[in-house]
Visitor: 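There's a structure below that I have some questions on.
What you see is a predicted model; the values in this text were computed from it and never measured.
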Amino acid sequence: MKKLRWVIVVIIMLIMWEYKFPMYSQANEKVDMFSEIISKTGTEVMEYGVQVSFSTKDPGEEACKSILKRLNYDKNIEINMEKNNDNYYIEFSNSIVEGYIHSINSDNDNIISINIKEYSHENKLTELKAKIKESIGGNEEIVFFEYIKGKTNNSNMKELNKQVIGILKSFNTKGIKTVEINNGLSTTAYTHQYNELNVGGEFIDFNYALCNYDTGNYMILATPVISITY
């Protein structure tokens, strides 16, 4: 009985300690890195998108049409459909969204690829991912490639990069590496917040680029890596 009381006391003390000092559990908490960086750098969101691929036993055409229906986009959307043997392609767009759903036959499976981009000054990436996940249905765990592109008033890419790295480090991000690219800087990191990739024996789950063009200065945030041209 005494041993049981001591166990209960220890558990209560651990709970109180965790409540009093939440910083010790910060590394295990889910953090929306996209929102954190956008907010703290004053970046204006322009667009965001999600890409995902998975295999299914369902007929490709049927799967593509079903996903488009479940996405439930406005009826004022332009839709183009193409069929080539066992491959099927749906492209759709309007003023605020563009994307495609593609099915390629592979042996006994159909590989479904979804690529959707929405234009908005609000960060609704989480909602878009949830919408796509729901449209897919009860599939096994799959990797989502996500990104946000925004405009920044800071033309000093190195200064902005230091600021972003500081934000990442505040959440115990590891493996931060920056390289110079033609029009700016590109950085990879391991935040422990997203699905990671193993690249040359090192884990990466976050990638961002800071770019300078004639039209302005831009920031692209992505997980696990940037999958769009920049």
Side-chain angles (χ1 to χ4, degrees), residues 32 34-35 38 43-151 194-197 204-209 211 213 215-216 218-230:
D32 185 348
F34 294 93
S35 295
I38 287 169
T43 300
E44 180 186 13
V45 175
M46 298 174 61
E47 65 181 63
Y48 50 86
V50 174
Q51 296 179 23
V52 65
S53 295
F54 64 94
S55 63
T56 180
K57 297 291 185 182
D58 296 335
E61 181 176 348
E62 179 183 310
C64 290
K65 288 181 176 179
S66 175
I67 291 169
L68 181 61
K69 184 177 180 180
R70 290 179 183 178
L71 285 170
N72 196 30
Y73 279 113
D74 191 277
K75 291 181 180 179
N76 297 322
I77 198 167
E78 184 178 336
I79 300 175
N80 294 311
M81 300 183 182
E82 295 180 15
K83 187 174 182 179
N84 182 12
N85 296 325
D86 293 328
N87 300 330
Y88 193 75
Y89 184 84
I90 300 178
E91 187 178 54
F92 52 93
S93 64
N94 62 17
S95 60
I96 61 172
V97 61
E98 62 181 67
Y100 65 78
I101 306 169
H102 190 193
S103 170
I104 299 177
N105 182 260
S106 177
D107 296 326
N108 296 321
D109 291 337
N110 286 299
I111 308 301
I112 307 296
S113 298
I114 304 172
N115 187 341
I116 300 177
K117 172 170 60 177
E118 294 185 348
Y119 299 97
S120 174
H121 291 307
E122 294 183 67
N123 173 14
K124 294 185 178 180
L125 180 61
T126 301
E127 289 90 332
L128 176 58
K129 179 182 176 182
K131 182 190 291 187
I132 294 174
K133 200 168 187 178
E134 186 177 346
S135 74
I136 292 172
N139 280 275
E140 65 277 4
E141 195 68 27
I142 52 180
V143 176
F144 287 81
F145 285 74
E146 310 164 50
Y147 83 91
I148 292 180
K149 182 177 180 179
K151 200 167 188 177
Y194 306 100
N195 291 318
E196 71 272 4
L197 295 178
I204 294 172
D205 69 354
F206 198 75
N207 182 199
Y208 69 88
C211 307
Y213 295 106
T215 54
Y218 299 91
M219 176 186 292
I220 302 172
L221 309 173
T223 178
V225 293
I226 298 173
S227 57
I228 62 171
T229 56
Y230 62 96

Visitor: So how far is it from Met219 CE to Ile38 CD1, rounded to the nearest 0.5 Å?
Guide: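 The distance works out to 8.0 Å.
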Visitor: For a quick test of reading the model, state the closest non-hydrogen atom pair linking Ser135 to Ile67 and the distance between them.
Guide: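 The answer is OG-CG2, 3.6 Å.
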Visitor: Donor-acceptor pair, distance only, cut-off 3.5 Å: does the side chain of Ser66 make one with the backbone of Ala63?
Guide: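 Pair absent, no side-chain N/O of Ser66 close to backbone of Ala63.
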Visitor: Would you say that more than 12 heavy atoms from the other residues, nucleotides or ligands in this model lie under 6.0 Å from the CD of Glu127, or not?
Guide: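 More than 12 heavy atoms, drawn from other residues, nucleotides or ligands, come within 6.0 Å of this atom.
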Visitor: Among Leu71, Ile132, Ile116, exactly one meets side-chain contact (heavy atoms from CB on, under 4.5 Å) together with Ile101. Which residue is that?
Guide: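 Of Leu71, Ile132, Ile116, side-chain contact (heavy atoms from CB on, under 4.5 Å) with Ile101 is met by Leu71 alone.
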Visitor: Is it true that Glu118 and Tyr73 share a donor-acceptor pair across their side chains at a distance under 3.5 Å?
Guide: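 Glu118 and Tyr73 do have a side-chain donor-acceptor pair below 3.5 Å.
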Visitor: Output yes when a side-chain donor or acceptor of Asn85 lies under 3.5 Å from a complementary backbone atom of Asn87, and no otherwise.
Guide: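 Checking the backbone N and O of Asn87 against the side chain of Asn85, no donor-acceptor pair under 3.5 Å is found.
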Visitor: Measuring from atom CD of Glu47 to atom NZ of Lys117, what distance do you get when rounded to the nearest 0.5 angstrom?
Guide: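 So the gap between those two atoms works out to 4.5 Å.
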Visitor: Got a list of side-chain donor-acceptor pairs under 3.5 Å for residues 91-100, not counting sequence neighbours?
Guide:
from	atom 1	to	atom 2	distance (Å)
Asn94	OD1	Ile96	N	2.9
Asn94	OD1	Val97	N	3.0
Glu98	OE1	Tyr119	OH	3.0

Visitor: Are Asp109 and Lys57 close enough, and set up right, to give a side chain to side chain contact (heavy atoms under 4.5 Å, CB included), and what steps lead you there?
Guide: CA-CA 5 Å; Asp109 291 337; Lys57 297 291 185 182; 2.8 Å; yes
Visitor: Indicate the atoms forming the closest heavy-atom contact of Leu125 with Tyr147, along with that distance.
Guide: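 Looking at all heavy atoms of both residues, the shortest contact is CD1-O, 3.8 Å.
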Visitor: Determine the minimum heavy-atom distance between Asn123 and Ser35, stating which atoms define it.
Guide: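 Where Asn123 meets Ser35 most closely, the heavy atoms are ND2-OG, 3.1 Å.
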Visitor: Backbone N or O of Pro224 within a donor-acceptor pair of the Asn195 side chain at under 3.5 Å?
Guide: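 Not at all, since once roles are kept as given, no pair shorter than 3.5 Å links the two residues.
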Visitor: Using the side chain to side chain contact (heavy atoms under 4.5 Å, CB included) rule, take Glu134 and Arg70 through it: C-alpha gap first, then chi angles, then the decisive distance, then the call.
Guide: CA-CA 8 Å; Glu134 186 177 346; Arg70 290 179 183 178; over 6 Å; no
Visitor: For Ser227 and Gln51, work out which heavy atoms get closest and say how close.
Guide: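 Taking Ser227 first and Gln51 second, the nearest heavy atoms are OG-NE2, 3.3 Å.
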Visitor: On a heavy-atom basis, which atom in Tyr208 and which in Ile226 lie closest, and how many Å separate them?
Guide: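 That would be C-CD1, 3.9 Å.
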Visitor: Heavy atoms, side chains only, cut-off 4.5 Å: are Ile142 and Ile136 in contact?
Guide: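 Sidechains of Ile136 and Ile142: in contact.
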Visitor: Donor-acceptor pair, Thr223 side chain versus Asp205 backbone, under 3.5 Å?
Guide: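 Answer holds: yes.
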Visitor: Find out whether Val50 and Ile114 are in side-chain contact, i.e. whether some heavy atom of one side chain is under 4.5 Å from a heavy atom of the other.
Guide: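 They are not in contact (no side-chain heavy atoms under 4.5 Å apart), so the answer is no.
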Visitor: How many angstroms lie between CD1 in Ile104 and OG in Ser106, if you round to the nearest 0.5 Å?
Guide: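 Those atoms lie 8.5 Å apart.
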Visitor: How are the rings of Tyr89 and His102 set relative to one another: parallel (under 30°), tilted (30 to 60°) or perpendicular (over 60°)?
Guide: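 Perpendicular, since the angle between the ring planes exceeds 60°.
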Visitor: Go through Lys149 and Tyr230 one step at a time and tell me if the side chain to side chain contact (heavy atoms under 4.5 Å, CB included) criterion holds.
Guide: CA-CA 10 Å; Lys149 182 177 180 179; Tyr230 62 96; over 6 Å; no
Visitor: Which pair of non-hydrogen atoms, one from Gly60 and one from Ser103, has the smallest distance, and what is that distance?
Guide: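 Closest heavy-atom pair between Gly60 and Ser103: CA-OG, 3.1 Å.
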Visitor: Run the side chain to side chain contact (heavy atoms under 4.5 Å, CB included) check on Glu62 and Tyr88 step by step: do they pass?
Guide: CA-CA 9 Å; Glu62 179 183 310; Tyr88 193 75; over 6 Å; no
Visitor: Supply the atom-to-atom distance Phe145 CZ to Leu197 CG, rounded to the nearest 0.5 angstrom.
Guide: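 Here the rounded value is 5.5 Å.
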Visitor: With a cut-off of 6.0 Å (strictly less than), are more than 12 heavy atoms of other residues, nucleotides or ligands near CG of Asp107?
Guide: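 It does not: Asp107 CG has 12 such atoms or fewer within range.
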Visitor: How many angstroms lie between atom CD of Glu61 and atom CE of Met81, to the nearest 0.5 angstrom?
Guide: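 Spacing of CD (Glu61) from CE (Met81) equals 8.0 Å.
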Visitor: CZ/Phe206 to OH/Tyr194 distance, rounded to the nearest 0.5 angstrom?
Guide: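 It comes to 6.0 Å.
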